[in-house]
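First comes the structure, then the notes that go with it.
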Amino acid sequence: MADRRHREGIVVRGLTMTYERRGITTTAVADCDLVVPKGSWASLLGPSGCGKSTLLKILADIVKPTSGLVTMDELTPAEARAARIFALVSQQSTMLPWRRLAENVELGLELAGIPKRERRARAREAIELVGLSGFEKAYPHELSGGMRQRAAIARALTLRPRFLLMDEPFGALDEITRERLNFELIQILEESGATLLLVTHSVSEAVILSDQVAVMSPRPGRIVHLASLPFGHHRTPALRDDPRFAAAERELRRALGNGHEVPPVRIAPEPEPDPALLAG
Amino acid sequence: MRRLARALPPALLLVAVLAGWELYVTGAGVSSLVVPSPSRIAAAIAANHADLAHHALVTIMEAFLGFALGNLVAIGCAVAFTYSGLLRAGAYPLVLALQAVPLVAIAPILVLWLGPGVPSKVLLAAFLAYTVTLVNLVRGLASAEAATLELLHTLNASRRQELVHVRFPAALPYLFTGLKLGASAAIVAAIAAEYIGALQGLGYLIHDTRARLDNEYLWAAVVVAAVIGLASFGLVVLAERWAMPWRRGLEET
Amino acid sequence: MSRVGRRIRDGAGGMRAPLAFLAAALLLWQVVTSTGLVKFYVLPAPSTVLEAMARYGPTIAEESLATLTVALAGFGLGTVAAIAVAMTLTYARLVRDAVYPLLLALRALPFIAIIPILVVIMGTGYEPRITVCALSTFLTTLVNLMRGLRSADAEVEELMHTLNATGMQRLLKVRAYAARPYLLAALRISASSCVIEATVAEWITGDSGLGYLVQISGYTFQIGLMWAAIVVASALTLGLVGIITLVERVAMPWVPRGGVGAAARQGGAA
């Protein structure tokens, strides 16, 4: 029974990704193992360049891995894409500039050949859910970054995906907007029951949005720490006052660095991999 | 190696087209008075190379002088438009409209004013180069990022410094777009004005050989004109690569 | 409807200052020429040009129609051919590798140099004139379209990939839109170069058209008529370019005010 449940959800086994450019081989992801049970929320946390986005792009069938196994509900990324069981939300909140907001939200359904009436209805529902009602006719360039990001989430939701893959979805937004969207996303996830895999470099975002957090080290990207969080799925902004929240943040910061430094605030160009950290 | 592989298919196609042309014209017995074969055109070029060179040099000189003159004035005007709101509001839309006017059509007026010599061609080439460069350069000088301009302002930079360090580098890609168009346009202008009235130059030669029904020589002159057009465009592309090494490989043309 | 109307009207607002400037220039021109300091054949007064326009109205209209026919026919043929060939080249890689570099090179040719050759082959009728217009439109539009069809952002392509879009869906829903600014920029360039080429071709064919009218009025020293024909040719060009600019506004409602990227404006000259 337990075994069966583990094959559902997201399964990553022995995943390795190397690039070769001008004779220099770079290992972006090295021998990663991760299981995200169906319906749970997981984050990949790490500094820039640790290969966490690469891992997500492998799941989304944008990049092919060098070796290893990746499945979503026992389907390979290519099969999962053909079956349309996942949706990807990227940091750029990519919109087609010539489509109005509602048309952008409908795009996935349109490509899947859903009849016009149904896709109208589903898009309206998703737009309402992300709080963009009234902006249906706006072009992307007329929207703020936060609104575009909500629209991208709405587009993902119209597909009723079993898996929501998010690549720093709020990374380009300010702290205040970001936190509000974090809790809005929680409500949406609670309602949809989707499995979430989130890539982020924000410790607090990872804690707010996850049941488990995989901390990655840079170059080669490796999972160096796995934290389980006990907060359940019904979360409100009051979560921040929970003493366990601060404890979880501390644990993750320690896993990321040496326990005192906060990686996102560091001004050094690229954090050097710390051999001691890699050892555990 | 990769370059060679990329150049091979078009080169083969070109050879095939020329061979097909040669075979068709000789095989089907097409008269040289209609379409001469490539070999006969080549022979005409060889036989008349001294004459062709003379006329080609005249056209090149006219186009080059006009190109240089037009661009110099355009650069001055673009800077003036960038810094004078009054000039920009009043004169710039007219320049934009001027760009749409078929300037080549005024060649008869210029020939009437300046006679059949070199100056009328230089002036027409200058007009054409002027408008395309000006329009592109004004757009380019305005394309500098506001944040960078603000930074320069807080550093108390002079207008000249702002121009040299921020606006001109930002405008370079636009300038070269204008120069590429201008180089072709200058050649077109010189040849067009030579059609109207000239005593030498490729346009004159093309007009004259057609009137004399010397079809092989006519084709030879057209081929030389085509080569000059390509070469002038190619020279600007080379200059662009040299001036903006950071953009190499971004665009293939 | 009202949205479209507004977009068109907005464009006319910025023309007040240049129109005033133009009026001032015309006035100055009239004053200078009426002093008699400038010979009439150097610079005829605006009133002289207007007089010629009124007097030779029917002739000018007839020759304008000939020029317009040539320019529009060439423009239409060239555009249709460019769209068809661009579609083909996008999907046939081998053909593209061989043909496209040659087409790129051809675009830099001075088209007006081949007019006499076309006249030798086709005679002095409309055919050589239409051919040269079609040829330059074809090459300019093709090159811009090829660039435009590949101009969609990598992120957009990635999005379409994760949404499992088919090749046809990508063409219709992404490339067709991404290419539109490039296509319209090419059409704007072609519209004005078609009138230029038609006019120059008419100098050579000497059969009909505004170019022909300019030439014979020059020979017969009817300076007012010559200027009138040139002014009308310019007005034709401006009119065509204006129409395309309007089409641009209506066809690309998503483009913010301030306009299309400069990269899309590249294309061949004359």
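In what follows, chains are A, B, ... by sequence order, proteins preceding strands, each numbered from 1.
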Can you say whether [X] sits under 4.5 Å from chain C via the side chain, the backbone, both, or neither, judging by heavy atoms?
| X | value |
| --- | --- |
| B:L33 | backbone |
| B:L112 | side chain |
| B:V35 | side chain |
| B:W219 | both |

Return the minimal non-hydrogen interatomic distance between C:A198 and C:C133, and the atom names on each side. N-SG, 3.9 Å

Could you tell me which of B:I196, B:I106, B:I206, B:I187 has the largest number of non-hydrogen atom pairs under 4.5 Å with chain C? B:I196

Checking C:I204 against chain B: side chain, backbone, both or neither under 4.5 Å from a heavy atom? both

Under 4.5 Å from any heavy atom of chain B, what part of C:V214 do you find: side chain, backbone, both or neither? side chain

A quick test of your reading: do over 12 heavy atoms of other residues, nucleotides or ligands sit less than 6.0 Å from [atom1] of [X]?
| X | atom1 | result |
| --- | --- | --- |
| B:L86 | CG | no |
| C:R96 | CZ | yes |
| B:F127 | CZ | no |
| B:F64 | CZ | no |
| C:R93 | CZ | no |

Counting heavy-atom pairs under 4.5 Å with chain B, the top scorer among C:V120, C:L240, C:L210, C:V200 is C:V120

